[in-house]
There are 2 protein chains.
Amino acid sequence: MKVGVKILPRTEVLDSQGRAVEKTLERSGRLLNSCRVGKYIQLDVDAATKDEAFEKAKDIAEFVLYNPLIESYELEIL
Amino acid sequence: MKVGVKILPRTEVLDSQGRAVEKTLERSGRLLNSCRVGKYIQLDVDAATKDEAFEKAKDIAEFVLYNPLIESYELEIL
(Lines give C-alpha, C1' and ligand atoms only; values in the text may rest on other atoms or scores of the structure.)
Protein backbone atom coordinates (compact mmCIF):
# COMPACT_ATOMS: atom_id res chain seq x y z
CA MET A 1 0.00 0.00 0.00
CA LYS A 2 1.30 3.44 -0.88
CA VAL A 3 1.56 6.16 1.72
CA GLY A 4 2.60 9.75 1.08
CA VAL A 5 4.56 11.67 3.70
CA LYS A 6 4.38 15.46 3.40
CA ILE A 7 7.04 17.27 5.36
CA LEU A 8 7.10 21.06 5.75
CA PRO A 9 9.33 23.40 7.74
CA ARG A 10 7.61 24.66 10.91
CA THR A 11 6.19 28.17 10.60
CA GLU A 12 8.64 29.45 13.26
CA VAL A 13 11.59 28.30 11.15
CA LEU A 14 13.03 30.45 8.37
CA ASP A 15 12.22 28.69 5.11
CA SER A 16 14.96 30.04 2.84
CA GLN A 17 13.91 27.95 -0.18
CA GLY A 18 10.37 29.24 0.18
CA ARG A 19 11.59 32.85 0.35
CA ALA A 20 13.68 32.29 -2.79
CA VAL A 21 10.67 30.93 -4.70
CA GLU A 22 8.54 33.87 -3.53
CA LYS A 23 11.16 36.37 -4.75
CA THR A 24 11.46 34.68 -8.15
CA LEU A 25 7.70 34.61 -8.63
CA GLU A 26 7.40 38.24 -7.56
CA ARG A 27 9.99 39.29 -10.14
CA SER A 28 8.08 37.43 -12.85
CA GLY A 29 4.81 39.12 -11.91
CA ARG A 30 3.17 36.02 -10.41
CA LEU A 31 1.58 37.04 -7.15
CA LEU A 32 1.12 34.71 -4.24
CA ASN A 33 0.61 35.10 -0.50
CA SER A 34 3.15 32.59 0.69
CA CYS A 35 5.09 29.54 -0.24
CA ARG A 36 6.69 26.83 1.88
CA VAL A 37 9.08 24.28 0.47
CA GLY A 38 9.42 20.86 2.05
CA LYS A 39 9.84 17.20 1.18
CA TYR A 40 7.50 14.59 -0.20
CA ILE A 41 8.21 10.91 0.30
CA GLN A 42 6.16 8.12 -1.21
CA LEU A 43 6.48 4.85 0.71
CA ASP A 44 5.25 1.50 -0.54
CA VAL A 45 4.69 -0.79 2.47
CA ASP A 46 3.15 -4.24 2.85
CA ALA A 47 -0.03 -3.88 4.87
CA ALA A 48 -3.38 -5.63 4.98
CA THR A 49 -5.32 -2.62 6.19
CA LYS A 50 -5.07 1.16 5.89
CA ASP A 51 -4.49 1.39 9.64
CA GLU A 52 -1.52 -0.96 9.44
CA ALA A 53 -0.04 1.00 6.51
CA PHE A 54 -0.56 4.23 8.45
CA GLU A 55 1.21 2.84 11.54
CA LYS A 56 4.15 1.54 9.50
CA ALA A 57 4.53 4.85 7.69
CA LYS A 58 4.32 6.78 10.97
CA ASP A 59 7.08 4.60 12.44
CA ILE A 60 9.29 5.14 9.37
CA ALA A 61 8.61 8.88 9.23
CA GLU A 62 9.48 9.37 12.89
CA PHE A 63 12.52 7.09 12.67
CA VAL A 64 14.26 8.61 9.72
CA LEU A 65 12.29 11.01 7.53
CA TYR A 66 11.62 14.15 9.48
CA ASN A 67 13.32 16.34 12.03
CA PRO A 68 10.80 17.23 14.77
CA LEU A 69 12.79 20.31 15.80
CA ILE A 70 12.26 22.13 12.52
CA GLU A 71 9.66 20.19 10.56
CA SER A 72 6.13 18.89 10.83
CA TYR A 73 4.67 16.05 8.80
CA GLU A 74 1.39 14.68 7.56
CA LEU A 75 0.54 11.23 6.19
CA GLU A 76 -1.88 10.34 3.44
CA ILE A 77 -2.94 6.89 2.28
CA LEU A 78 -2.82 6.84 -1.54
CA MET B 1 -6.45 29.30 -1.21
CA LYS B 2 -3.80 26.72 -0.40
CA VAL B 3 -2.52 24.35 -3.03
CA GLY B 4 -0.05 21.52 -2.45
CA VAL B 5 2.44 20.58 -5.16
CA LYS B 6 3.88 17.06 -4.88
CA ILE B 7 6.99 16.52 -6.95
CA LEU B 8 8.61 13.10 -7.36
CA PRO B 9 11.54 11.88 -9.46
CA ARG B 10 10.40 10.00 -12.57
CA THR B 11 10.58 6.22 -12.23
CA GLU B 12 13.24 6.04 -14.98
CA VAL B 13 15.52 8.34 -12.99
CA LEU B 14 17.83 7.02 -10.26
CA ASP B 15 16.49 8.29 -6.97
CA SER B 16 19.61 8.24 -4.81
CA GLN B 17 17.89 9.72 -1.74
CA GLY B 18 15.18 7.06 -1.99
CA ARG B 19 17.80 4.29 -2.22
CA ALA B 20 19.58 5.69 0.84
CA VAL B 21 16.35 5.69 2.87
CA GLU B 22 15.59 2.12 1.76
CA LYS B 23 19.06 0.95 2.87
CA THR B 24 18.76 2.65 6.26
CA LEU B 25 15.33 1.13 6.89
CA GLU B 26 16.54 -2.31 5.81
CA ARG B 27 19.41 -2.15 8.28
CA SER B 28 16.99 -1.22 11.07
CA GLY B 29 14.69 -4.15 10.22
CA ARG B 30 11.87 -2.03 8.80
CA LEU B 31 10.72 -3.65 5.58
CA LEU B 32 9.24 -1.73 2.70
CA ASN B 33 8.80 -2.34 -1.01
CA SER B 34 10.01 0.99 -2.26
CA CYS B 35 10.55 4.60 -1.37
CA ARG B 36 10.77 7.71 -3.53
CA VAL B 37 11.94 11.04 -2.19
CA GLY B 38 10.76 14.28 -3.76
CA LYS B 39 9.65 17.77 -2.87
CA TYR B 40 6.49 19.18 -1.40
CA ILE B 41 5.57 22.81 -1.89
CA GLN B 42 2.60 24.51 -0.29
CA LEU B 43 1.44 27.60 -2.18
CA ASP B 44 -1.03 30.13 -0.87
CA VAL B 45 -2.60 31.94 -3.83
CA ASP B 46 -5.46 34.43 -4.13
CA ALA B 47 -8.28 32.78 -6.05
CA ALA B 48 -12.06 32.98 -6.04
CA THR B 49 -12.59 29.41 -7.19
CA LYS B 50 -10.76 26.09 -6.94
CA ASP B 51 -10.27 26.08 -10.70
CA GLU B 52 -8.56 29.46 -10.59
CA ALA B 53 -6.30 28.32 -7.73
CA PHE B 54 -5.48 25.17 -9.67
CA GLU B 55 -4.56 27.14 -12.81
CA LYS B 56 -2.37 29.57 -10.87
CA ALA B 57 -0.58 26.73 -9.08
CA LYS B 58 -0.07 24.86 -12.38
CA ASP B 59 1.48 27.97 -13.93
CA ILE B 60 3.82 28.43 -10.94
CA ALA B 61 4.76 24.76 -10.81
CA GLU B 62 5.63 24.65 -14.49
CA PHE B 63 7.44 27.98 -14.36
CA VAL B 64 9.77 27.36 -11.48
CA LEU B 65 9.04 24.38 -9.25
CA TYR B 66 9.69 21.23 -11.19
CA ASN B 67 12.06 19.93 -13.83
CA PRO B 68 10.06 18.04 -16.49
CA LEU B 69 13.11 16.07 -17.59
CA ILE B 70 13.52 14.22 -14.33
CA GLU B 71 10.40 14.92 -12.27
CA SER B 72 6.64 14.62 -12.40
CA TYR B 73 4.21 16.61 -10.29
CA GLU B 74 0.71 16.49 -8.93
CA LEU B 75 -1.46 19.28 -7.51
CA GLU B 76 -3.94 19.11 -4.66
CA ILE B 77 -6.31 21.80 -3.43
CA LEU B 78 -6.07 21.92 0.37
Side-chain angles (χ1 to χ4, degrees), chain A residues 1-11 13 15-48 52-67 71-78, chain B residues 1-11 13 15-48 52-67 71-78:
Chain A
M1 204 173 286
K2 288 191 174 174
V3 187
V5 187
K6 303 181 213 171
I7 299 173
L8 283 175
R10 289 187 182 280
T11 41
V13 173
D15 172 17
S16 49
Q17 284 187 87
R19 290 301 81 70
V21 172
E22 283 171 10
K23 285 255 171 66
T24 305
L25 292 172
E26 209 175 285
R27 272 198 299 269
S28 78
R30 288 166 176 85
L31 294 179
L32 84 171
N33 301 324
S34 75
C35 165
R36 287 160 77 203
V37 177
K39 285 179 286 188
Y40 185 70
I41 296 121
Q42 200 178 72
L43 301 170
D44 188 352
V45 294
D46 277 327
E52 193 190 337
F54 196 89
E55 280 309 312
K56 278 194 177 182
K58 189 168 178 281
D59 173 53
I60 291 172
E62 293 180 359
F63 174 61
V64 80
L65 299 180
Y66 96 114
N67 178 349
E71 293 165 332
S72 62
Y73 78 99
E74 217 175 274
L75 298 176
E76 57 175 2
I77 305 285
L78 300 172
Chain B
M1 205 172 285
K2 288 192 175 174
V3 188
V5 187
K6 304 181 213 173
I7 299 173
L8 282 176
R10 288 187 183 280
T11 42
V13 173
D15 171 17
S16 50
Q17 282 187 87
R19 291 300 83 70
V21 172
E22 283 171 9
K23 284 256 170 65
T24 305
L25 291 172
E26 210 175 283
R27 271 199 299 271
S28 77
R30 288 165 175 86
L31 295 178
L32 84 171
N33 301 324
S34 75
C35 165
R36 287 160 76 204
V37 176
K39 285 180 285 188
Y40 185 70
I41 295 121
Q42 199 178 74
L43 301 170
D44 188 352
V45 294
D46 276 328
E52 193 189 338
F54 195 89
E55 280 309 313
K56 279 194 177 182
K58 188 169 178 282
D59 173 52
I60 291 172
E62 293 179 0
F63 173 61
V64 80
L65 299 180
Y66 96 114
N67 178 348
E71 292 165 332
S72 62
Y73 78 99
E74 216 174 275
L75 298 176
E76 58 174 3
I77 305 284
L78 299 172

Determine the option with the most heavy-atom pairs under 4.5 angstrom with chain A, choosing from B:V5, B:L31, B:L43, B:L8. B:L8
Only residue of A:K58, A:K39, A:E62 satisfying side chain to side chain donor-acceptor pair (under 3.5 Å) with A:Y73 is A:E62
May I ask you to check whether over 12 heavy atoms, not counting those of A:E52, lie within 6.0 Å of atom CD? yes
Can you tell me how far the NZ atom of B:K23 sits from the OG atom of B:S28, to the nearest 0.5 Å? 14.0 Å
So which part of A:V37 gets closer than 4.5 Å to some heavy atom of chain B, the side chain, the backbone, both or neither? both
Which bit of A:E74 is near chain B, if near means a heavy-atom gap under 4.5 Å: side chain, backbone, both or neither? neither
Are any side-chain N or O atoms of B:E22 and backbone N or O atoms of B:L32, one a donor and one an acceptor, separated by less than 3.5 Å? no
Best-contacting candidate, B:D59, B:T24, B:V64, against chain A by heavy atom pairs under 4.5 angstrom: B:D59
Heaviest contributor of heavy-atom pairs below 4.5 Å to chain B, chosen from A:N33, A:I7, A:V21, is A:N33
Atom pair CD1/NZ of A:I41 and A:K6 - distance to nearest 0.5 Å: 12.5 Å
I need the A:K56 NZ to A:D46 CG distance, nearest 0.5 Å. 5.5 Å
Measuring heavy-atom distances to chain B, does A:R30 have an atom under 4.5 Å in its side chain, in its backbone, in both, or in neither? side chain
Where on A:V45 is there a heavy atom nearer than 4.5 Å to chain B: the side chain, the backbone, both, or neither? both
